[in-house]
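A short worksheet on the structure shown next.
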Amino acid sequence: MSSDFRAPKGVPEYFPPVSAGFLYVRDALAAPAQRSGYGYIELPVFEETALFERGVGESSDVVSKEMYTFTDRGDRSITLRPEGTAGVMRAVVEHGLHRGPLPVKLWYAGAFFRAERPQRGRYRQLQQVGLEAIGSTAPALDAEVIALANEGFASLGLRSYELQLTSLGCAQCRPIYRELLRAFLLTCDLDEATRLRAGLNPLRVLDDKREAVQRQLVTAPLPVDHLCADCTEHFASVCSTLDLLNVTWVANPRLVRGLDYYTRTAFEFTHRGLGAQSGIGGGGRYDGLMASLGGSDLSGIGFGLGVDRTLLAVEAEGINLPIAPTIDVVGIATSVLSQDALILIIQRLRHLGVRADIAYDSRSLKAGLKTANRLGARWAMILGDDELAEGLVAIKDLRTGEQVHHSNDAIERWAPSLQWRAQSS
RNA sequence: GUGGGUGUAGCUCAGCCGGUAGAGCGCUGCGUUGUGGUCGCAGAUGUCGCGGGUUCAAGUCCCGUCACUCACCCCA
């Protein structure tokens, strides 16, 4: 409170015990990809500004007003990545990753940055788990990607979320529809900012939350009603495959993603109970993106899942994640002599997979036990001159109060009994 | 960028119509000599966000400012 420094505005920080939940959620969201043929890709957190301008689209809010952009010492314009897809595509093209079997399947996790006004669930530094499958237009791949996101959420025990799905059309049918919508929007009574958006990117007006706007849009033409034959068939196939995979979804013909590159399949996972920021993940197909970045004309599909928001969703549903305790045993030495022996035994235990710590600064056995208890240990291991003389250690079960002695040269035999396994909720 | 709410102990918060600051939890110690968690007793801790104004007197009223927060816009 009275320290000289504070964390930058809008940046969430996680520390024990909440940070364990953060790691658990992040890993759970990434797990489905890792067993489905996706390889890990580690990318720079900053890129040339132009990559995002061209990839994400200059008319998107993300690029036009939410990027952390600065000039580096070589006078280059650099931007902290606001999303993951553009960077993945750049890396695929740059390193020729698409010259192997297609589709190229990659997953990533890390921090992204958007210079927005922070609020609940909306941060300037956000954590995302994402994946991309590049080089195939197969609708079954769209379904796989969506199903993997769904599995991630479901594996956490989340229930009150919803998958919304639509198709935005392709390079053939979208431009025609776009003009149709633009013409329709000209007949509406809109404020200046919205009118401007209608001119630049009319699709974006469709999911405006304001009722005054939505009221005028009830008769607006919708993308799904103006798909070409190919897109219609593709979308129908995606839907039926999702049904086959038993993934529940609802059609939202007004769903529009915030990034300009999406074509055909677009989806979003929303959760009630996060406040105003309901999106916990989303993605879609981006068939023209790679070509627009100067690479081959390969299509792709992917998603980004918000780790911060998913953690909020888990909390909102009151889910107890099966998180293992941070330690099983705390060792207490009651004399200077026994201290060295204790350090060695603790090290052995750690190597055998027991989570073990030492009550370093406890001035008495009493204080040591108190420390062990407060650290959440299930057992205390006591080593004093008496035990040392007989080659023993005393193991006290802090829950029952029972105490037994073990020989300290048969550690392998009793170490397994000190592992407290996490229980699922 | 726009609007609302809130700033008091480490945390959650109380403090009425102004009278020089409190609770619970947590923390430290004691109650056993080598036995914690329960219980009992004792104790420590605050620029009452910051600056100004009104007043004999301001945590309390007024103005400004900063921070946090929720919401709009937008998004994960």
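Numbered from 1 within each chain, the chains take letters A, B, ... in sequence-line order. On a predicted model such as this, the values are computed, not experimentally measured, just so you know.
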Answer with base, sugar-phosphate or nothing: what part of the nucleic acid does [X] contact at a heavy-atom distance below 4.0 Å?
| X | value |
| --- | --- |
| A/Gly121 | base |
| A/Gly368 | nothing |
| A/Ile280 | sugar-phosphate |
| A/Asp386 | base |
| A/Tyr123 | base |
| A/Glu402 | nothing |

What interatomic distance, in whole Å, is found between [atom1] of [M] and the corresponding atom of [N]?
| N | M | atom1 | result |
| --- | --- | --- | --- |
| B/C13 | B/A57 | P | 34 Å |
| B/A9 | B/U45 | C1' | 6 Å |
| B/A58 | B/C48 | P | 13 Å |
| B/C56 | B/C39 | C1' | 50 Å |
| B/C74 | B/G59 | P | 45 Å |
| B/U65 | B/C11 | P | 27 Å |
| B/U6 | B/U60 | P | 15 Å |
| B/C16 | B/G31 | P | 42 Å |

side-chain N/O [X] vs [N] OP1/OP2, d < 4.0 Å:
| X | N | answer |
| --- | --- | --- |
| A/Gln119 | B/A71 | yes |
| A/Lys366 | B/G36 | yes |
| A/Arg257 | B/C74 | no |
| A/Arg117 | B/C75 | no |
| A/Gln403 | B/U35 | no |
| A/Lys9 | B/C68 | yes |

Inset, instruction - Could you pick out which residue, A/Asp397 or A/Glu268, lies toward the 5' side of RNA chain B when each is mapped onto its nearest nucleotide? - result: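 Going by which nucleotide is closer to the 5' end, it is A/Asp397.
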
Inset, instruction - Between A/Val307 and A/Leu398, name the one whose nearest nucleotide on RNA chain B is closer to the 5' end. - result: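 That would be A/Leu398.
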
Using side-chain heavy atoms (C-beta onward) and a distance below 4.5 Å, is [X] in contact with [Y]?
| X | Y | answer |
| --- | --- | --- |
| A/Leu312 | A/Arg120 | yes |
| A/Leu80 | A/Phe52 | no |
| A/Arg204 | A/Asp61 | yes |

With a 3.5 Å limit on both atom pairs, tell me what [N] is paired to, counting Watson-Crick and G-U wobble, or say none.
| N | result |
| --- | --- |
| B/C68 | B/G5 |
| B/C48 | none |
| B/G34 | none |
| B/G19 | B/C56 |
| B/A76 | none |

Spacing between [X] atom [atom1] and [N] atom [atom2], to the nearest angstrom:
| X | N | atom1 | atom2 | answer |
| --- | --- | --- | --- | --- |
| A/Arg122 | B/C73 | CZ | C1' | 8 Å |
| A/Ile382 | B/G37 | CD1 | C1' | 14 Å |
| A/Leu383 | B/U35 | CG | P | 16 Å |
| A/Asp61 | B/U2 | CG | C1' | 15 Å |
| A/Lys396 | B/G37 | NZ | C1' | 9 Å |
| A/Glu116 | B/C73 | CD | P | 13 Å |
| A/Leu274 | B/C75 | CG | C1' | 13 Å |
| A/Ile395 | B/G34 | CD1 | P | 20 Å |

Legend entry - Which nucleotide in B/U35, B/A76, B/C74 has an atom nearest any side-chain atom of A/Glu66: B/C74

Inset, instruction - Between B/C73, B/C75, B/A76, spot the one nearest the side chain of A/Lys65, thanks. - result: B/C73

Inset, instruction - Ignoring hydrogens and angles, answer whether the base of B/U69 and the side-chain atoms of A/Arg120 contain a donor-acceptor pair closer than 3.5 Å. - result: no

Legend entry - B/G36 base / A/Asn373 side chain donor-acceptor hit below 3.5 Å: yes

Taking atom types as modelled and ignoring hydrogens, do the side chains of [X] and [Y] form a donor-acceptor contact shorter than 3.5 angstrom?
| X | Y | result |
| --- | --- | --- |
| A/Tyr261 | A/Thr85 | yes |
| A/Tyr177 | A/Asp225 | no |
| A/Ser160 | A/Glu317 | yes |

Inset, instruction - Quick one: list whatever passes ring-ring contact (aromatic ring centres under 6.0 Å, His included) with A/Phe269, sequence neighbours left out. - result: A/Phe153

Legend entry - Side-chain donor/acceptor of A/His234 to backbone N/O of A/Thr137, under 3.5 Å: yes

